[in-house]
Protein chains: 2
Amino acid sequence: MKKKATLADVAAAAGVSKMTASRALRGVRDVSKANIARVRQAAQELGYVGNFLAASLSSQRSDLIGVVVPNLANIVFAQVLSGISEGIAGSGMQPVFGVTDYDPDKEYDIIRNMLSWQPAGLIVTGLDLPEATRRLLENAEIPVVQIMDIDGEPVDACVGFSHIRAGEEIAQALIAAGLRKFGYAGCALTMDVRAAKRRIGFQRALIQNGLDFVEEVEAFELSSIGAGRLLTEQLLKKAPDVDCIYFSNDDVAAGGLFYCLEAGIAVPGKVALAGFNGLSIASGFPGRIATVRTPRREIGRKAAEIICSALDGKPAGGEAIELTPEVDLGLIGARKG
Amino acid sequence: MKKKATLADVAAAAGVSKMTASRALRGVRDVSKANIARVRQAAQELGYVGNFLAASLSSQRSDLIGVVVPNLANIVFAQVLSGISEGIAGSGMQPVFGVTDYDPDKEYDIIRNMLSWQPAGLIVTGLDLPEATRRLLENAEIPVVQIMDIDGEPVDACVGFSHIRAGEEIAQALIAAGLRKFGYAGCALTMDVRAAKRRIGFQRALIQNGLDFVEEVEAFELSSIGAGRLLTEQLLKKAPDVDCIYFSNDDVAAGGLFYCLEAGIAVPGKVALAGFNGLSIASGFPGRIATVRTPRREIGRKAAEIICSALDGKPAGGEAIELTPEVDLGLIGARKG
DNA sequence: GTGAAAGCGCTAACAA
DNA sequence: TTGTTAGCGCTTTCAC
C-alpha cells in the first residue's frame, strides 16, 4: 500500500470510468447493478477512502456543520452537542466543534476558520456577538443558527430561551415561597453574558417586589464546584442572615450545597439555594437546589434540524424558536409548609 | 456581496497575480511590503475568507487533527480535549472531534469519515480496536496516537496509563489500609473496556491477597451519578457488611457517596468508597472518595505534541508514553488510625 | 447507463 | 520579487 488509492485507481480496477465509479460509490441511481458491485468490490480491495476535500471543492458544498461553543467543561454544552448529534442523525452531516473559552477574539478566529471549510451551516452559541463576528456570519451565505439565547437580534435563526425571563421567573417563585433575604453568588459574569442576563432578570423581579440582593459575591474564574464552595462561604460570612442564595448556575450552586452540608447548615431549611440548568450533579441531591430546567438536548436537536431543513431549500431566515425552561423549586415548596 | 470573493478577486482588486496574493495572505516571505499591504487591504474590503478545501487539496495537506472520543458527557474527555487544545496551541492545527458513544460501528464510520478529510494526524481513544478499524488506521499513512490506555498494541504511538495496574494499585492500597470486604459497582462494562480492565486489575490484587469481591452489581447504562446511587443501594442491600465499594469511576462513586450521605451511612467510617479519575465532582467532598488521579490534560497535550512533532519530520512510530496515575486514599488513611 | 471534458479555488514548482 | 503553468481528486454538465 504505497500511494493512497484514488477514485481513478478504483475505476481502473473495476474497468469503468471515473464517473461510473463515482456514481456507484455515492449511490446515485442510473448505474447498472453489475457495475455497482464491481466498483464496490474494487474500492474494498484497494482500501479506498475517498477525499472529501476534492469532493466538496468540486461539488461546491460540504457536509460539515460547524458548531461553536464557549466551553466543554460545562456539561451543558456537551449535552447540546449530543442534541446536535441526534438532530443530524441520518442526514449525513458531520459536526465540527470549536471551543472559544468565552474569548471573543478566539471566537472570531474559530468562526472564520470554520467558514473557510465551507460548512453547510453553522451553529453558534449566544446572540451577543461583536460587530466583526456578526458581519462574518452575515456574509457567509449559509444557514446560521444561534443557540441558548433569544434576548437579542439573531443573524439568521435562533433557538433558545430568555435568560432574563428565566431569572425573573425563579425569583418570583422564590419570593412566593416566602423568601426575602437574597444573596447572589456568580462566576465570570463579564464573560458569561447569559449568566449576567439571568442575574439582571432576577434582580428586576426582586426590585418589583420591593426587595434587592442583600449581598453579592463574584469570582472571576469559570464556574466550578470549588468556586461555588468558596463563594458561599464568603457570602455567608458577609451576610449570615440571607435566607436564599441565587447562583449563576447549578455547578456553582452545587458547590454551595456541598459547603452547607459539611458546615451543618440546613438546606433549604436554614438557607435555600437556587441555580440554573437542572444538572445531573444537582440531581445527586434531589430537590435540594431550586433550579430552572432547560431543554439543552432539544436546543441542539432543533438547531441541527433547522440547518438540515434549510439545506433542503426551506428558507431558515429569521426563525426564532423560544423554548420554555421550567422552574423547579424542589424542597423549597415544602420548607415553609 | 453576491458571490463569495475568491483569491482571484482579491488579487485583481490589489492589482497583483493570484500567487502574490496567496503568498501575501499566508505570510510567506519574499513579498514586497507594499504588496502585502495592498493585498491585505483588498482582502479586508472584500470580506475574503479563503477556502481551506481548495488550499488543502492543492497543497496535499490539511491542518486538521481528528480526535475521536467515546463520549462527551464524561468530563474526562472534555478535559482531554482541553489538553489537546493546549498541545496544538500555536501550531496552527485545528482539532475536529468525533464522538462514538462507545459504539464500534460508529467509531469505524467516524474514523473513515475523518480520514476522508485528509487530516494531518489522528488521536483515537483506546487501544482495543476492531480489526477493520485498525486496518483503516494502519493504511492511513498519517501519525496516529491512541490515548488513555497502554495495555495493548498501538497502531502507531500511544499515550496513557495501565488501567489494569491502576486497578491493582488502588486495591493494594485499600487492603493495606485494612479493608477486607469489597463490593464492586460498575456501569456499562462491556462497552467501557478500560473500566473492565481496572476491575480485572483490582480483582487480581484481591485474589493475590486471598480475597475477592463479596458482591458485584452492574448497570448497563452509561456512567452517571444517578446510576451510582442506585447501584450502591442495591449493593448494600445485598451485602450490608461490605467495608469498601470499588466503582467503575468517580461519577458512579459520587452517586454512591450521595446515597450514603443521605442514608446516614458514614463514609469512609462505615463504608469506604473508591473510584477512578479524581474528578472535580468528587472534590466537592474532599477526601471522601478514594481515587486514582489521572493526568487527563497531560495525555491530551502529549498526544497533540506527538502529532505536531511527527509532522515536523520526526518519526512518531512506536512511541508508547506511559504516564503514571496517582492513588489517593483521601480520608481512608485516617479511618482506622 | 456510461463517459469525456471542464472546472471547483488554491498552491508547488518553475520561469522571468 | 513576481507571474505562469499545472495540477490536487473529485463532480458537474453534457454528449453518447
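Worth saying up front: this structure is predicted, and the values here are computed from it rather than measured. Convention: sequence-line order gives letters A, B, ...; per-chain numbering from 1.
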Visitor: Starting the side chain at C-beta, find the nucleotide from dT11(C), dC10(C), dG9(D) nearest to Tyr48(B).
Guide: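 Nearest to the side-chain atoms of Tyr48(B), counting from C-beta on, is dC10(C).
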Visitor: Verify the contact: side-chain N or O of Ser58(A) to OP1 or OP2 of dT12(D), cut-off strictly under 4.0 Å; return yes or no.
Guide: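 Indeed not, no polar side-chain atom of Ser58(A) lies that close.
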Visitor: Rounding to an integer number of Å, can you tell me how far Lys4(B) NZ sits from dG9(C) C1'?
Guide: 12 Å
Visitor: Take the protein atom CZ of Arg61(A) and the nucleotide atom P of dT11(D), then report the distance between them rounded to whole Å.
Guide: 10 Å
Visitor: Taking the side chain of Val16(B) as heavy atoms from C-beta outward, which of dC10(D), dG3(D), dT2(C) is closest to it?
Guide: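 Closest of the options to the side chain of Val16(B): dG3(D).
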Visitor: Below 4.0 angstrom, N of the basic side chain to O of the carboxylate: do Glu141(B) and Lys4(A) qualify?
Guide: no
Visitor: Provide a list of protein-nucleic acid N or O atom pairs under 3.5 angstrom, restricted to nucleotides 14-16 of chain C.
Guide:
none

Visitor: Report for the helix from dG1(C)-dC16(D) to dA16(C)-dT1(D): angle between first-end and last-end helix axes, five pairs each, rounded to 10 degrees.
Guide: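 The two end axes of the helix from dG1(C)-dC16(D) to dA16(C)-dT1(D) meet at 30°.
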Visitor: For dG3(C) and Thr20(A) - does any side-chain N or O of the residue sit under 4.0 Å from the phosphate oxygens OP1/OP2?
Guide: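 So the side chain of Thr20(A) is within the cut-off, an N or O lying under 4.0 Å from OP1 or OP2 of dG3(C).
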Visitor: Would one find a side-chain N or O of Arg29(B) under 4.0 angstrom from OP1 or OP2 of dT2(D)?
Guide: no
Visitor: Arg296(B) and Thr294(B): side chain to side chain donor-acceptor pair (under 3.5 Å), yes or no, with the steps?
Guide: CA-CA 6 Å; Arg296(B) 302 171 293 269; Thr294(B) 57; 3.1 Å; yes
Visitor: Among the candidates dC10(C), dT1(D), dC10(D), find the nucleotide nearest to the side-chain atoms of Ser32(B).
Guide: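 Among dC10(C), dT1(D), dC10(D), the one nearest the side chain of Ser32(B) is dT1(D).
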Visitor: Considering heavy-atom distances to DNA chain D, does Ala21(B) or Leu57(B) have its closest nucleotide positioned more toward the 5' end?
Guide: Ala21(B)
Visitor: Given dA12(C), dC8(D), dC10(C), which nucleotide is nearest the side-chain atoms of Ser59(B)?
Guide: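 Of all the options, the side chain of Ser59(B) is nearest to dA12(C).
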Visitor: Rounded to whole Å, please give me the gap between NZ in Lys18(B) and C1' in dA13(C).
Guide: 15 Å
Visitor: Looking at the side chain of Asn35(B), which of dA12(C), dT2(D), dC10(D) is the nearest nucleotide?
Guide: dT2(D)
Visitor: For Asp9(B) and dC8(C), what is the distance between atoms CG and P respectively, to the nearest whole Å?
Guide: 12 Å
Visitor: Given side chains that start at C-beta, do those of Ile147(B) and Val124(B) come closer than 4.5 Å, heavy atoms only?
Guide: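 In short, these two side chains do not touch, never coming nearer than 4.5 Å.
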Visitor: Check Val16(A), Ile36(A), Val39(A), Val31(A) against Arg23(A) for a side chain to side chain contact (heavy atoms under 4.5 Å, CB included) and give me the one that passes.
Guide: Val31(A)
Visitor: Of all the heavy-atom pairs spanning Phe97(B) and Pro95(B), show the shortest one and how long it is.
Guide: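 Minimum heavy-atom separation between Phe97(B) and Pro95(B): CE2-CB, 3.6 Å.
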Visitor: On a heavy-atom basis, which atom in Gly152(B) and which in Leu127(B) lie closest, and how many Å separate them?
Guide: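 Answer, listing the atom of Gly152(B) first, then Leu127(B): N-CD2, 3.7 Å.
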Visitor: Can you tell me if Arg26(A) touches the phosphate of dT12(D), counting only side-chain N or O atoms and a distance under 4.0 Å to OP1 or OP2?
Guide: yes
Visitor: Can you tell me the distance, in whole Å, between the CG atom of Asp63(A) and the P atom of dC10(D)?
Guide: 15 Å
Visitor: Any chance the side chains of Arg26(A) and Ser22(A) put a donor and an acceptor closer than 3.5 Å?
Guide: yes
Visitor: What's the closest nucleotide to the side chain of Thr6(B) if the choices are dG3(C), dG9(C), dC10(D)?
Guide: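 Of dG3(C), dG9(C), dC10(D), dG9(C) is nearest to the side chain of Thr6(B).
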Visitor: Would you kindly give the CG-to-P distance between Asp30(A) and dT12(D), to the nearest whole Å?
Guide: 14 Å
Visitor: For dG9(C) and Gln60(A) - does any side-chain N or O of the residue sit under 4.0 Å from the phosphate oxygens OP1/OP2?
Guide: yes
Visitor: Using side chain to side chain contact (heavy atoms under 4.5 Å, CB included) as the criterion, point out the one residue from Thr125(A), Val80(A), Leu81(A) that pairs with Val67(A).
Guide: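 Single side chain to side chain contact (heavy atoms under 4.5 Å, CB included) partner of Val67(A) among Thr125(A), Val80(A), Leu81(A): Leu81(A).
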Visitor: Rounded to whole angstrom units, what separation is found between the CD atom of Gln118(B) and the P atom of dC10(C)?
Guide: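 Going from CD in Gln118(B) over to P in dC10(C) covers 18 Å.
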Visitor: In whole angstrom, give the distance that lies between atom CE of Met19(A) and atom P of dT2(C).
Guide: 12 Å
Visitor: Taking the basic N atoms (NZ, or NE/NH1/NH2) and the acidic carboxylate oxygens, is any pair closer than 4.0 Å for Asp128(A) and Arg194(A)?
Guide: no
